[in-house]
Amino acid sequence: MCEKREGRLFGREDYSSEEFEKACTYPGEDLGANWSREKTVFRVWAPTASGVTVNLYQSGTPEAEDRLEQIPMEKGEMGTWTAEKAGDLNGVYYTYQAEVDGVSREACDPYARTTGVNGRRAMVIDLESTNPPGWDGDRNPHAGENFTDAVIYELHVRDLSSDPGSGIHHTGKFLGMIETGTCNSQGVPTGVDHIRELGITHLHLMPCYDYASVDEARLDQPQFNWGYDPLNFNVPEGSYATDPYHGEVRVSEMKKMIKGLHDQGISVIMDVVYNHVYDSGSFSFNQLVPGYFSRISPQGVYSNGSGCGNDTATERSMVRKYIVDSVKYWSEEYHIDGFRFDLVGLIDVETICAVMQAVHQKRPDVVFYGEGWSMWTELTKPGCAMTTQQNASLVPGFAFFSDTMRNALRGSVFDGNAKGFVSGGSGLEEAIERCFMGRPGWCDSPVQSVNYASCHDNRTLMDQITLAAPEASREEQVHMNNLAAAICLLSQGIPFFQAGEEMLRSKRRPDGGIVENSYNSPDGVNGLKWENLNQEEYRKTFRYYKGLIAFRRAHPVLRLTDSGQVGSRIQVVPDMPAHTVAFQLDGSGLEGESAEKLYVMFHAGDQALEAALPQGMWHVYIHGDTAGTGVLACVQGRVTVPPFSALVLVQEADRLGEEGPKEEKMDPQQEKSHRPGWLGGALLAGAALGTFWAVRGRKRQKSRPSRD
């Protein structure tokens, strides 16, 4: 029994004590309702309760007065209570009722596998019966690849289909995520066909567990929320199911979605929010063991590092076990291929390491990353290291969002007027160089740096550029957007971008005002605007992103996995003019790499730059508005780089012996598509030069900042 030495029950004051954890840390894997056709065994952890019962219900509707039976539970080991019921209970709903300090509280099972409407009653479920055809053979389509091989696309389930132009039948549903053959009014592919064509490898889905801020009983009325308000951590969100009232539907449809995405060659990452809950007082774990799940001071004040009114006490043993069990469950039962941890800086290092170790025992291909911001939180145990960027070395294999790259590219997200590198900001070249090398300053390994310019938080990339560079023309602003994409997708590390960035996503109110935080804005703000793809400006941007991704996937030298490789294969080109950085990459001898050398330049100046090249013939793959795996032109000697653009040249090992033409221009159609209006023509000239990296044209506007 889970009692103090003197025979009294433990209380709140004991939760973080060594004595409590030794007596009440239950190691078993059978918490929850364990179904078989012959019987169901219930086990719940409630060490401070004086009595617990199981309530069985006919339906999952919390208002329904349809209780079937109340079953007393018996004390089990290490703070658990158990009961069993003979017969096939598949589809029967249940709750636990615990007596603690003379107060009776009814709660959903924290380990519920599914629930009825709005997540108040758990449901006993035969999980195998929810598996779609072929589930046993379902696999991560990118298993065996390195983390740096991933290209991650962040998406809210509803955003994909909520716009009328999507052509998707299952609006806002799991099933809508895998509808194929959908298109907008002019036949342009939408939905998963668009995503597949784009070429991303991993789809990051914003919260799909059961969250509290959407009323599943009122889905006929407009509602929207990002979902960072957990209600039931191990249950799919009911508003994404075609029927939220029957618990098996949300389970089977989420599995169908994952299987369908895997069949399209897309791995699935799940956004998880273990750092806080929607409402700490009513949260099931805290109902059964009052206050245990949350960080509460001795004075009864909830820690609020999350900004959500409560921080999770991950340093406590049974909270840690709960998180480990939960992530492992999603990985194994739902075949989830990766996890993005919201505000992981509020979770201790020991918990994150335990999560990765548990999951990787069966699924070594699962990826992990999160928001490693340093935030104050009141720990219930002293001396815990938190999972922040600064502690990256303590969690090898876990990656962090690089706000270093984000802010350098686009300017501070806290200041809409701040200019980043791509929008004309000064003195940011060295930060871009470090980020390109996968060395943002808080880590040295590219496998720990998630490179991005936009995500669901804050303004979209295009909206930020519009505010920061109002003096620029629309054409120039689009070039700035594409330059940011090129830097993210060609840098060492793990590239990540927000859904719709590839079609210049903007979040606007009906009056035209920019929405910075759209967490509960309507579909008209958040939905992807598929009709925009009928315009060439948006289609061209989509093609550019598609080409960048294809080029990255074709060149392993852009996807190195350790600092040593980066140091030996990449050199920063010195003495570049302001607003310009350049790199030489050595691909020789690298497995799968066709390039002997790569030359990469990012030019954020507002005038064309004419630059001299190293000796030899170079093949142009990325220039102006075009990117891809096809050679655009062959050049030697000198090249003209348009403003706000990336340039990538390659010397292939099997072509180094070719003499090639002294001068080769693009064909008229290619040249026209590359020709910026400010220049009248994109010259790719071939005059041989003896000087290595002489730079001609405009003079330096500003001295580069001093280096460390």
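Counting begins at 1 with the first residue of the sequence. Worth saying up front: this structure is predicted, and the values here are computed from it rather than measured.
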Might you point out which heavy atoms bring [X] and [Y] nearest each other, and give the distance in Å?
{"X": "G493", "Y": "N451", "value": "CA-ND2, 3.7 Å"}
{"X": "V277", "Y": "F293", "value": "CG1-CE2, 3.9 Å"}
{"X": "Q389", "Y": "W373", "value": "NE2-CZ3, 3.6 Å"}

Using a 3.5 Å distance criterion without hydrogens, assess whether the side chain of [X] forms a donor-acceptor pair with backbone atoms of [Y].
{"X": "E237", "Y": "Y211", "value": "yes"}
{"X": "T387", "Y": "G345", "value": "no"}
{"X": "Q492", "Y": "V557", "value": "yes"}
{"X": "N232", "Y": "V235", "value": "no"}
{"X": "E371", "Y": "T388", "value": "no"}
{"X": "N391", "Y": "M386", "value": "yes"}
{"X": "S423", "Y": "G420", "value": "yes"}
{"X": "Q448", "Y": "P446", "value": "no"}
{"X": "N526", "Y": "S518", "value": "yes"}

Any carboxylate oxygen within less than 4.0 angstrom of a Lys/Arg side-chain nitrogen, looking at [X] and [Y]?
{"X": "R113", "Y": "E333", "value": "no"}
{"X": "R505", "Y": "D463", "value": "no"}
{"X": "R320", "Y": "E21", "value": "no"}
{"X": "R459", "Y": "E516", "value": "yes"}
{"X": "R340", "Y": "E154", "value": "no"}
{"X": "K381", "Y": "E18", "value": "no"}
{"X": "D149", "Y": "R559", "value": "yes"}

Go through the structure and list residues passing side-chain contact (heavy atoms from CB on, under 4.5 Å) with [X], not counting sequence neighbours.
{"X": "V251", "answer": "T114, I125, L127, T130, P236, K255, Y334"}
{"X": "N520", "answer": "N225"}
{"X": "Q287", "answer": "R105, A107"}

Quick one: do I195 and I266 satisfy side chain to side chain contact (heavy atoms under 4.5 Å, CB included)? Show the steps, please. CA-CA 9 Å; I195 296 172; I266 300 169; 3.9 Å; yes
Side-chain heavy atoms of [X] within contact of [Y], under 4.5 Å:
{"X": "V367", "Y": "I269", "result": "yes"}
{"X": "V319", "Y": "T351", "result": "no"}
{"X": "V273", "Y": "F341", "result": "no"}
{"X": "D210", "Y": "T115", "result": "yes"}

Close aromatic pair by centroid cut-off 6.0 Å: Y153 and H204: no
Once the angle between the rings of [X] and [Y] is folded into 0 to 90°, is it parallel (under 30°), tilted (30 to 60°) or perpendicular (over 60°)?
{"X": "H360", "Y": "F368", "result": "perpendicular"}
{"X": "F401", "Y": "Y452", "result": "perpendicular"}
{"X": "Y228", "Y": "H456", "result": "parallel"}
{"X": "Y322", "Y": "Y111", "result": "perpendicular"}
{"X": "W135", "Y": "H335", "result": "parallel"}

When you look at T460 and E501, which way does the side chain to side chain donor-acceptor pair (under 3.5 Å) test go after all the steps? CA-CA 8 Å; T460 69; E501 187 188 301; over 6 Å; no
ring-ring contact (aromatic ring centres under 6.0 Å, His included) against F551, all qualifying residues, sequence neighbours excluded: H555, Y621
Take atom [atom1] in [X]; do more than 12 heavy atoms of anything else shown fall under 6.0 Å from it?
{"X": "E350", "atom1": "CD", "value": "no"}
{"X": "Q357", "atom1": "CD", "value": "no"}
{"X": "Y329", "atom1": "OH", "value": "yes"}

With rounding to the nearest 0.5 Å, note down the distance linking [atom1] in [X] to [atom2] in [Y].
{"X": "S294", "Y": "Y15", "atom1": "OG", "atom2": "OH", "value": "10.5 Å"}
{"X": "T404", "Y": "R434", "atom1": "OG1", "atom2": "CZ", "value": "7.0 Å"}
{"X": "M206", "Y": "D271", "atom1": "CE", "atom2": "CG", "value": "7.0 Å"}
{"X": "I465", "Y": "L461", "atom1": "CD1", "atom2": "CG", "value": "4.0 Å"}
{"X": "M177", "Y": "I258", "atom1": "CE", "atom2": "CD1", "value": "10.0 Å"}
{"X": "C443", "Y": "Q390", "atom1": "SG", "atom2": "CD", "value": "10.5 Å"}

Take L428 and S426 through the test side chain to side chain contact (heavy atoms under 4.5 Å, CB included) and record every step on the way to the result. CA-CA 6 Å; L428 295 166; S426 299; over 6 Å; no
Applying disulfide (SG to SG under 2.5 Å), can you list everything that pairs with C24, at least two apart in sequence or on another chain?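 Listed in chain order: C2.
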Does NZ or CZ of R316 fall inside the cone over Y292's six-membered ring, less than 6.0 Å from its centre and within 45° of the axis?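 Output yes; distance and angle both within limits.
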For D337, check side chain to side chain donor-acceptor pair (under 3.5 Å) against everything at least two apart and list the hits. H262, R363
